[in-house]
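Report on one structure; see the data block that follows.
Here is how names work: the chains are called A, B, and so on, in the same order as the sequence lines, proteins then strands, and each is numbered from 1. Computation of the quantities below employed the complete heavy-atom set of this structure, encompassing side-chain atoms and omitting hydrogens, waters and symmetry-equivalent molecules.
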There are 2 protein chains.
Amino acid sequence: MSAPTDTRERILATARNLIYARSYTDVGVAEICERAGVFKGSFYHFFPSKRDLTLAVLDFILAETKERLLDRAFDPGIPPLDRLDRLAELAYGIQKEWAAPGGRVLGCPVGNLATELATQDEAIRAATARAFARLQRLLRQTLEEAVDSGALPAVDLDATAQAMVAYFEGVLMLAKTENDLKVIRRLLPALRHIRVPIKQSRKK
Amino acid sequence: MSAPTDTRERILATARNLIYARSYTDVGVAEICERAGVFKGSFYHFFPSKRDLTLAVLDFILAETKERLLDRAFDPGIPPLDRLDRLAELAYGIQKEWAAPGGRVLGCPVGNLATELATQDEAIRAATARAFARLQRLLRQTLEEAVDSGALPAVDLDATAQAMVAYFEGVLMLAKTENDLKVIRRLLPALRHIRVPIKQSRKK
DNA sequence: CCTTGACTGGACCGATCAGTCAACTACAAT
DNA sequence: ATTGTAGTTGACTGATCGGTCCAGTCAAGG
């Protein structure tokens, strides 16, 4: 029982904070160790490489996102379309929270890593893609319920869910670039209006 | 007259290619010089620093994007809403072209730099933000025409244009992450359905 | 012919990078 | 008591980082 060592957790949390606030390549192992109050040797005792650490950081982020964002937004007790509004509100709150300390909007931690590393590291690319797929699945389920209950006209469910993921990520990216939380306030609520119509045969 | 030296241009083009295909931090000055067939000394004769090079690369990208994408899509001779389809088609073609050599979808060169550096380098952040603002302006103008001609019901013009920028960037980012051009094919045409309704007073 | 100055070639710099390693400590099981 | 093992400490390595420096090249202008 007890806490066998919190070292690993400290490394993980510190790495998450630094990498999220800056970037993968910009943050070095030495800096992570320093800020976590850990020595190089301990780092490499727990993680075979910086790359493996990053994969672990991704898991960490995914777990946190699930409980802080997804589980709360995609609550079956909420009417389907309202879940989208909930998602937007929660995401805004989280972004605000992260922006507070450094005064910088940080965007989506998954999207940031994906953009930086997708073309360079296949494992990380795949992991981020899986994360997006999970969000897409939740959205698709929500849309399906909305259509079934008549709250939403028929749409291409898969494409619309994916488009919502894209929009969500795009808004966070834009907010990061403008370094302005208001972008999220302004744009994210329109998530519920994203629609990909069912595709018809080409218009000749 | 003549070509005073193509050295600077070669450095710029090489740097663009390398940075776009990988990332700012991952590509070193030495590698850029090597691939451009230029020596370190020449590099620093033309560019005071790697950061300044990157600013120049951004200009380079912006100029290219303007003539290859924006000028063609936002042609006043095309009906406003059709310009959006045109934008989607052209963007797809360009992405396909860039993906061909390395078999990797590269996403938006501006978005990539923005995501990687927005929190670290204020000048680059501002430059990418300006690029997005330019696209937003073009979209806003297009939407205005569409509304005036009755092709589109009234919407919040500024917010919708910005939402379209976000969606556009989000789709490219997702395509890069999934490493799949079909994502663009599938999602980008829905750009024309993005809508941010005119905001009403809070629902109580 | 001589100077000037843009440009090139390339050695070199200190700092930092990810990663290694052997010695050490603490505790558990035998 | 002894050994095994998980974890810690921190010096160290070779490579690479961005950047500096300067002697040399060359064409244009006087």
Side-chain angles (χ1 to χ4, degrees), chain A residues 1-58 60 113 116-117 119-125 127, chain B residues 1-58 60 113 116-117 119-125 127:
Chain A
M1 195 86 339
S2 81
T5 29
D6 62 337
T7 306
R8 203 191 120 99
E9 300 307 315
R10 282 216 319 283
I11 295 172
L12 219 46
T14 306
R16 196 275 306 268
N17 293 344
L18 287 172
I19 292 175
Y20 183 25
R22 310 235 291 283
S23 79
Y24 172 78
T25 21
D26 194 56
V27 176
V29 174
E31 186 178 1
I32 293 170
C33 292
E34 202 179 335
R35 295 271 288 258
V38 156
F39 291 86
K40 264 274 189 80
S42 298
F43 178 98
Y44 281 99
H45 175 74
F46 290 104
F47 302 98
S49 73
K50 186 190 178 190
R51 205 193 76 117
D52 287 275
L53 163 75
T54 307
L55 256 0
V57 164
L58 253 172
F60 186 93
L113 280 173
E116 186 184 357
L117 300 172
T119 55
Q120 299 179 60
D121 189 306
E122 175 55 24
I124 291 178
R125 202 222 95 237
Chain B
M1 202 73 359
S2 79
T5 30
D6 63 334
T7 306
R8 203 190 119 99
E9 300 307 315
R10 283 217 317 285
I11 295 172
L12 258 175
T14 306
R16 197 273 307 265
N17 293 344
L18 286 173
I19 292 175
Y20 184 24
R22 310 235 291 283
S23 79
Y24 172 79
T25 20
D26 194 54
V27 176
V29 174
E31 185 179 2
I32 293 171
C33 292
E34 202 178 335
R35 295 272 288 256
V38 156
F39 289 88
K40 266 263 188 87
S42 300
F43 180 97
Y44 281 100
H45 174 73
F46 291 104
F47 302 98
S49 71
K50 186 190 178 190
R51 205 193 77 117
D52 287 274
L53 163 75
T54 306
L55 255 1
V57 164
L58 252 172
F60 186 93
L113 280 172
E116 186 184 356
L117 300 172
T119 53
Q120 298 180 61
D121 188 307
E122 175 54 24
I124 291 179
R125 201 221 96 237

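- When each of dT20(D), dT8(C), dA18(C) is scored by its nearest atom to the side-chain atoms of Tyr44(B), the top-ranked nucleotide is dT20(D).
- Looking at the side chain of Val29(A), the nearest of the listed nucleotides dA18(C), dG10(D), dG18(D) is dA18(C).
- Protein atom CD of Glu34(B) is 17 Å distant from nucleotide atom C1' of dT8(C), rounded to whole Å.
- Between the CZ atom of Arg16(B) and the CG atom of Leu53(B) there is a distance of 12.0 Å, given to the nearest 0.5 Å.
- Under a 3.5 Å cut-off, the side chain of Lys50(B) and the backbone N or O of Val27(B) do form a donor-acceptor pair.
- By the neighbour-count criterion of 12 heavy atoms within 6.0 Å, atom CZ of Arg10(B) is densely surrounded, having more than that number from other residues, nucleotides or ligands.
- One can place CG of Leu18(A) at 12 Å from P of dC17(C), the figure rounded to the nearest angstrom.
- Phe43(A) places its CZ atom 13 Å from the C1' atom of dC17(C), with the value rounded to the nearest Å.
- At a threshold of 4.0 angstrom between heavy atoms, the contacts of Gly41(A) include nucleobase atoms, whether or not backbone atoms are also involved.
- Aromatic pair Phe43(B)/Phe39(B): centroids not less than 6.0 angstrom apart.
- Among the nucleotides dG19(C), dT8(D), dC17(D), the one closest to the side chain of Phe46(A) is dT8(D).
- Rounded to whole angstrom, the span from the CD1 atom of Ile32(A) across to the C1' atom of dA18(C) amounts to 11 Å.
- Atom CZ in Phe39(B) sits roughly 16 Å away from atom C1' in dC22(D) (whole-Å rounding).
- For Lys40(A), the side-chain atoms get nearest to dG10(D) when compared with the rest of dG10(D), dG18(D), dT8(D).
- In this structure, Arg8(B) places its CZ atom 12 Å from P of dT8(C), rounding to the nearest Å.
- Here dA26(C) presents its P atom at 16 Å from NE2 of His45(A), a figure rounded to the nearest Å.
- Nearest-nucleotide positions on DNA chain C for Ser42(A) and Val27(A) put Val27(A) closer to the 5' end.
- Between Thr7(A) and dT8(D) there is a side-chain polar atom (N or O) within less than 4.0 angstrom of OP1 or OP2.
- Per the geometry, CZ belonging to Phe47(B) stands 15 Å off C1' belonging to dG19(D), to the nearest Å.
- Salt-bridge check for Arg22(A) with Glu31(A): passed, with a basic side-chain N closer than 4.0 Å to an acidic carboxylate O.
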